[in-house]
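Chain letters run A, B, ... following the sequence lines, proteins first and then strands; every chain starts at 1.
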Amino acid sequence: MDAATLQTFTSPVVLFFVLGLLAAFARSDLAIPEAIAKGMSLYLMAAIGLKGGVAVSKSGIDSTVLIALVLGIAASFLMPFFANFVLKVFGKLGRINAGAVAAHYGSVSVVTFVTAVEILEAQNKPPGGYMVAVMAAMETPAILTGLLLARGMGSKDGQKTSELLHEVFFNASVVLLLGAFAIGIIAGAEGFGEVAPFFEAGFKGVLCLFLLDMGLIAARRIMDARAITWRLVVIAIGLPLINGTIGTAAAVACGLDVGSSAALGVLCASASYIAVPAAMRLALPEADPGIYLTMSLSITFPFNILINIGLMSMLASALTGVGGATP
Amino acid sequence: MDAATLQTFTSPVVLFFVLGLLAAFARSDLAIPEAIAKGMSLYLMAAIGLKGGVAVSKSGIDSTVLIALVLGIAASFLMPFFANFVLKVFGKLGRINAGAVAAHYGSVSVVTFVTAVEILEAQNKPPGGYMVAVMAAMETPAILTGLLLARGMGSKDGQKTSELLHEVFFNASVVLLLGAFAIGIIAGAEGFGEVAPFFEAGFKGVLCLFLLDMGLIAARRIMDARAITWRLVVIAIGLPLINGTIGTAAAVACGLDVGSSAALGVLCASASYIAVPAAMRLALPEADPGIYLTMSLSITFPFNILINIGLMSMLASALTGVGGATP
Amino acid sequence: MDAATLQTFTSPVVLFFVLGLLAAFARSDLAIPEAIAKGMSLYLMAAIGLKGGVAVSKSGIDSTVLIALVLGIAASFLMPFFANFVLKVFGKLGRINAGAVAAHYGSVSVVTFVTAVEILEAQNKPPGGYMVAVMAAMETPAILTGLLLARGMGSKDGQKTSELLHEVFFNASVVLLLGAFAIGIIAGAEGFGEVAPFFEAGFKGVLCLFLLDMGLIAARRIMDARAITWRLVVIAIGLPLINGTIGTAAAVACGLDVGSSAALGVLCASASYIAVPAAMRLALPEADPGIYLTMSLSITFPFNILINIGLMSMLASALTGVGGATP
Amino acid sequence: MIETVVRKRIEILTDTALLGRVTDAVDKVGITGWTVVPVSSGKGRDGRWREERVMGTDKVFVLTIASQDKAQALAEELAPVLTKYGFILSMWDVEVIRGERF
Amino acid sequence: MIETVVRKRIEILTDTALLGRVTDAVDKVGITGWTVVPVSSGKGRDGRWREERVMGTDKVFVLTIASQDKAQALAEELAPVLTKYGFILSMWDVEVIRGERF
Amino acid sequence: MIETVVRKRIEILTDTALLGRVTDAVDKVGITGWTVVPVSSGKGRDGRWREERVMGTDKVFVLTIASQDKAQALAEELAPVLTKYGFILSMWDVEVIRGERF
Ligand SMILES: Nc1ncnc2c1ncn2[C@@H]1O[C@H](COP(=O)(O)O)[C@@H](O)[C@H]1O
Ligand SMILES: Nc1ncnc2c1ncn2[C@@H]1O[C@H](COP(=O)(O)O)[C@@H](O)[C@H]1O
Ligand SMILES: Nc1ncnc2c1ncn2[C@@H]1O[C@H](COP(=O)(O)O)[C@@H](O)[C@H]1O
Ligand code: NA
Ligand code: NA
Ligand code: NA
């Protein structure tokens with residue numbers, strides 16, 4: 001375990017997540033009010049969007065940005081096929097549940113990405129600002145693939161589909177991320193300067209408290225879980241490893257820098273637990289949230305935060321030959 | 001459109017408001033929890049009160065301050081008469097609704113003022129710190145005039161009137177604004193220094209998120225609105241122009257500096273959507289919130305934020321001959 | 001009244017508390033949403049825990065720390081006996097209520113401690129970082145003594161006792177304080193640096209708003225109070241004076257520095273109004289919250305914030321011969 | 001078997017700003033207690049409302065359990081306000097344990 | 001004495017994300033209004049849920065008062081969605097003042 | 001026409017800290033689910049309370065729908081706690097759709 005990995009476990013951000021896990025396992029009544037948690041999640045999305053936009057306003061949009069976008073969208077569309085196959089064959093899930101879970105693994109987790117950015121920056125491998133746009137673009141394609149897999153080609157009611165598409169493209173996180181990203185581009189570094197004390201200086205601290213809450217929620221959910229088999233646990237750890245490795249490797253092959261490659265790997269590895277569950281509840285009410293939420297939130301999310309981000313970072317360094325830790 | 005006006009549209013504060021409007025019009029489910037919105041509004045009032053108090057503790061209280069106070073209170077008392085006339089004759093509202101709406105336009109909007117201060121400061125025309133006290137003093141007189149207009153001289157039940165007066169003078173925003181203002185005066189610059197990182201550095205960022213929420217609420221309300229005619233839309237844009245122009249001109253005539261004159265204009269132009277609706281609901285339950293809230297919140301408020309603050313700033317510069325943009 | 005005491009009344013932190021008291025007495029409708037208040041209290045505990053841990057990571061753990069811990073735990077265990085005696089004999093309370101109130105006075109108030117730290121630091125008498133651990137350790141022993149006094153030795157149902165012990169040792173504030181303290185030790189000054197803008201710069205401002213809320217709650221409760229006699233008022237002021245004096249003197253005698261001695265005095269003087277009420281409601285449902293909450297929250301808490309912290313600070317200076325105000 | 005008695009459960013939808021008037025009426029007719037439940041949005045003749053808490057025009061439910069007589073007295077007491085402010089009052093029979101306290 | 005009339009009080013537990021479908025149905029059958037009450041946690045066949053608001057999978061109660069006929073029409077209207085999404089609908093008779101408005 | 005069956009709707013006001021005891025009782029008597037609704041303030045024999053969430057002494061409503069038998073069993077199960085902690089339990093008949101699940 002090298003210095004960079006160790007650093008992960010002395011970072012307050014990760015330690016607060018561990019505290020949340022431990023407190024919930026010890027059955028402490030520690031809890032963060034929902035309104036506060038919701039507020040923090042909006043803050044984090046606005047801040048990451050803004051920062052990404054400001055970064056792009058400096059660097060401009062070049063072919064790398066387009067390549068990363070295409071790569072991310074393709075991954076989000078295609079990853080659910082593989083996940084669906086594994087979930088059915090090895091995980092022994094039915095068609096509906098397999099499709100629903102697959103959608104989660106094709107989509108992304110904003111908080112996992114945000115935590116990865118913090119860790120990569122601390123290792124001197126900052127991802128490009130445009131990765132925020134890549135993240136936003138990756139949220140929704142997987143939902144379409146997942147539904148296709150779960151319901152087959154012939155969707156019955158067309159009216160409901162347009163409702164769903166609207167819900168998916170204008171869902172709160174996509175709108176806020178892309179909106180803040182656009183504001184960052186328009187306002188630029190100068191305009192951002194005015195609000196930087198709020199959106200930049202407070203960022204890591206808010207992330208600490210938010211991860212504390214995520215730790216509490218993740219651990220409480222797994223203690224209540226009933227529908228989870230050992231096969232599903234294996235998949236919830238195996239998929240982020242495989243998807244992450246493929247994503248990182250593809251990004252390096254396409255010429256992205258080390259930080260952006262690791263970040264794309266983390267995006268591929270991460271599983272949604274906000275946008276996709278809400279969409280699945282609407283479109284696939286027969287699917288069991290006890291399966292898809294527990295897998296993505298209680299197993300994959302902690303695994304990514306505690307271990308997989310570090311692995312993707314090392315992998316990207318190894319593949320690009322650029323170690324960030326010693327500048 | 002000069003550079004200063006353009007600057008308005010690259011300021012993150014205004015851009016987040018626009019994002020809120022757009023997101024709501026696109027029927028996104030983006031929403032800020034009420035507790036968070038309420039918390040932000042308390043924060044903004046405490047911060048603006050404190051900053052005003054600290055500024056006055058430096059500058060002291062002189063005749064200008066008294067003139068501005070008298071001007072503001074007189075405006076709040078008198079503006080509803082004109083508004084009431086227009087609302088009845090041109091707007092075709094009945095006595096009760098006209099009186100209720102008039103009260104809103106005589107009173108002030110804290111957030112409009114706060115946004116104006118930010119924009120004026122960015123244009124190097126900072127208003128005097130005492131304007132916070134002027135704002136607090138302007139909140140309530142209009143309520144009395146509005147009730148007089150709606151109910152006629154002979155108010156029936158005296159007991160209820162004393163209840164209303166108490167409600168009006170000790171309402172949350174008056175108490176918090178004036179309380180924080182007093183704390184600012186007592187604590188002075190030195191005492192404020194301790195809490196400045198919270199109340200000063202975070203201010204613009206919080207304002208961004210608060211205006212995002214205001215944009216969402218304003219746009220959603222107008223999409224649901226049913227009682228609004230084109231005549232009322234014209235009034236909701238015309239009144240802030242007229243009231244604002246008179247206010248700015250009167251302030252310049254009384255010798256206020258350019259920033260304070262523009263700020264007084266904005267106060268006259270703004271319409272309350274917190275203190276007055278609550279008071280009207282108590283005192284004039286027959287009046288229709290679908291009219292007064294929609295006009296003040298969904299038409300006048302956006303118009304002031306996006307256009308009218310800039311106009312008042314230009315007007316004050318033209319009248320005083322002092323342009324702030326090039327220092 | 002010397003300069004240091006006067007300073008208390010020009011500090012925004014204390015002034016916001018006074019504003020809360022006044023607003024509630026004037027029956028203003030000013031109120032802070034519960035979710036925000038809860039969020040601020042979690043923030044304050046995380047921040048004070050972190051800062052204490054970082055301080056200990058610098059200073060290391062020596063015999064002074066152990067002495068302070070032993071002193072605090074002993075005080076928490078023993079103080080309820082004296083309080084119980086006074087409450088029965090002078091206060092004329094029955095066994096159950098006397099035991100319940102005694103538990104509150106043996107335990108501690110986190111916000112009183114936090115305010116004391118701010119005031120002591122402003123007087124150049126910063127308490128040691130380890131005092132956070134002392135505070136956390138003092139929260140629970142008094143609960144056990146209080147129950148013993150209220151119920152006698154032979155507790156009926158063993159199963160419920162283990163439930164209570166779990167509740168008491170894993171209650172939210174103990175877990176968060178000690179958890180953040182541990183994170184502070186692990187992350188050290190370097191790790192803390194990343195999150196300092198959030199947890200350090202914002203601290204005093206959040207404390208202002210939190211004390212505003214506490215002022216509102218304390219004053220509203222006393223206006224509704226019915227079960228409070230003048231004898232109980234005398235005790236609610238006398239006990240913090242006596243406990244605080246003994247605590248400060250004992251700390252000085254054991255060789256603690258001036259700031260830590262004053263802080264230990266404040267801890268002894270303070271009465272819990274979070275952890276203990278919740279535990280009493282579980283374990284002694286027959287006890288009257290109208291007595292214990294009103295005494296601790298509405299009388300002792302304001303007395304400590306406004307007067308007693310200053311007294312303990314002066315006492316500690318007098319006893320150690322070290323005045324902090326003139327460095 | 002536990003004994004239950006029949007009481008009225010009364011539910012009043014009121015503006016938060018006017019909560020005090022409703023609870024004063026509950027106290028006045030001698031009902032022992034009441035409980036307030038938050039409300040998050042709604043629609044009536046004036047159209048839809050939501051998130052009005054920022055504007056201070058939101059609503060709450062006041063729930064109280066009382067004997068038939070006191071329930072009737074409360075309805076009488078509140079009738080003028082109900083009509084004036086457009087509150088909603090509904091009531092129905094419920095079985096309660098420890099009926100002596102209501 | 002105040003006059004009361006008997007109406008149905010209907011209570012529907014629904015996903016927050018599907019609130020619009022329920023209130024559309026209420027509007028469609030011609031009921032004058034409805035009120036939404038927040039829900040903080042629960043347990044059903046899928047196990048326990050709480051704090052799902054962050055995940056957008058939380059629930060709310062929709063309350064509405066209507067005549068017997070309209071209540072029945074609403075139940076018919078919602079029946080397919082209820083079964084599909086596992087909502088809960090219950091209703092009972094209540095006495096209301098100002099009954100003409102419902 | 002949609003078929004409805006009659007069930008009991010039970011409503012229990014409890015301290016938040018003791019919610020677990022109530023829901024354990026619900027589970028124990030074999031009721032399929034329950035829903036928790038937040039409460040913001042109230043008044044009882046001990047006087048008024050509000051904003052006690054900061055102090056951890058606030059309350060919630062637990063709502064559950066069950067057959068007559070299970071409702072009675074729940075009342076018996078909770079009776080001792082009710083008296084000890086001053087909770088309130090009330091219940092009444094409601095019509096439900098999809099009655100087989102309760
Ligand atoms: N008659 C009542 N109707 C509704 N809620 C009540 C009633 N009496 C008491 N409560 C509620 O029950 C809580 C405890 O009441 P008590 O046990 O009398 O202190 C109060 O704080 C109220 O929230
Ligand atoms: N039929 C109804 N059922 C339940 N709540 C209603 C009903 N009608 C109105 N409301 C509620 O009462 C409030 C005021 O209604 P109104 O007086 O018609 O404007 C609305 O905003 C709703 O929250
Ligand atoms: N018997 C019941 N009484 C009250 N609420 C229930 C009951 N059963 C289920 N619920 C609520 O309905 C939701 C969905 O239940 P289910 O469809 O069984 O998963 C649960 O999460 C509970 O909030
Ligand atoms: Na993914
Ligand atoms: Na105005
Ligand atoms: Na103590």
Side-chain angles (χ1 to χ4, degrees), chain D residues 6-16 22 25 29 35-53 58-66 68-95, chain E residues 1-41 53 56 58-68 70-71 74 90-102:
Chain D
V6 174
R7 292 283 177 270
K8 281 279 177 214
R9 187 180 178 298
I10 308 131
E11 197 172 271
I12 302 152
L13 182 72
T14 167
D15 284 29
T16 306
V22 173
V29 302
T35 303
V36 179
V37 167
V39 165
S40 52
S41 67
K43 202 196 100 176
R45 292 157 307 174
D46 293 339
R48 199 166 148 68
W49 62 271
R50 63 188 155 201
E51 326 211 25
E52 314 284 67
R53 216 160 293 175
D58 59 320
K59 293 173 193 286
V60 289
F61 268 121
V62 182
L63 313 181
T64 180
I65 294 177
Q68 166 75 39
D69 288 357
K70 286 184 180 162
Q72 189 64 35
L74 180 61
E76 307 266 348
E77 181 73 28
L78 284 176
V81 208
L82 288 185
T83 314
K84 188 167 168 202
Y85 291 104
F87 295 169
I88 293 180
L89 181 150
S90 66
M91 55 186 174
W92 62 91
D93 286 333
V94 299
E95 300 162 57
Chain E
M1 250 190 58
I2 289 282
E3 218 181 315
T4 59
V5 296
V6 174
R7 293 284 177 269
K8 281 279 178 216
R9 186 181 178 297
I10 308 130
E11 199 172 87
I12 302 151
L13 183 72
T14 166
D15 284 29
T16 306
L18 291 162
L19 174 58
R21 291 213 197 151
V22 173
T23 58
D24 284 355
V26 173
D27 292 348
K28 190 173 158 196
V29 301
I31 297 175
T32 50
W34 36 266
T35 303
V36 179
V37 167
V39 165
S40 50
S41 67
R53 217 161 292 174
D58 59 321
K59 293 175 192 285
V60 288
F61 268 121
V62 182
L63 313 183
T64 181
I65 294 177
S67 66
Q68 167 74 38
K70 287 185 180 161
L74 179 61
S90 66
M91 54 185 174
W92 61 92
D93 286 334
V94 299
E95 301 162 56
V96 297
I97 303 185
R98 301 196 300 141
E100 66 292 351
R101 60 178 294 200
F102 298 109

Next item on the list: Pick one of side chain, backbone, both or neither for E/I97, based on which atoms fall under 4.5 Å of a heavy atom in chain D.
Entry: both

Next item on the list: Heavy-atom distances under 4.5 Å only: say whether E/I31 touches chain D with side chain, backbone, both or neither.
Entry: neither

Note to self: Given heavy-atom pairs under 4.5 angstrom as the criterion, report whether the side chain, backbone, both or neither of E/F102 touches chain D.
What the structure shows: side chain

Do chain E and chain D have donor-acceptor pairs under 3.5 Å, and which are they?
| residue | atom | partner | partner atom | Å |
| --- | --- | --- | --- | --- |
| E/I2 | N | D/E76 | OE2 | 3.1 |
| E/R9 | NE | D/E11 | OE2 | 2.9 |
| E/R9 | NH2 | D/E11 | OE1 | 3.0 |
| E/R9 | NH2 | D/E11 | OE2 | 2.8 |
| E/D27 | OD1 | D/K43 | NZ | 3.2 |
| E/W34 | N | D/K43 | O | 3.0 |
| E/W34 | O | D/K43 | N | 2.8 |
| E/V36 | N | D/S41 | O | 2.8 |
| E/V36 | O | D/S40 | N | 2.7 |
| E/V36 | O | D/S40 | OG | 3.4 |
| E/E95 | N | D/M91 | O | 2.8 |
| E/E95 | O | D/M91 | N | 2.9 |
| E/E95 | OE2 | D/K8 | NZ | 2.6 |
| E/R98 | NH2 | D/F87 | O | 2.5 |

Next item on the list: Grab the two heavy atoms, one from D/V39 and one from E/V36, that are nearest each other, plus how far apart they are.
Entry: CG1-O, 3.4 Å

Check: Given a strict heavy-atom distance threshold of 4.5 Å, which part of D/I10 is in contact with chain E: side chain, backbone, both, or neither?
Finding: neither

Notebook entry, point to check: Checking D/F87 against chain E: side chain, backbone, both or neither under 4.5 Å from a heavy atom?
Noted result: backbone

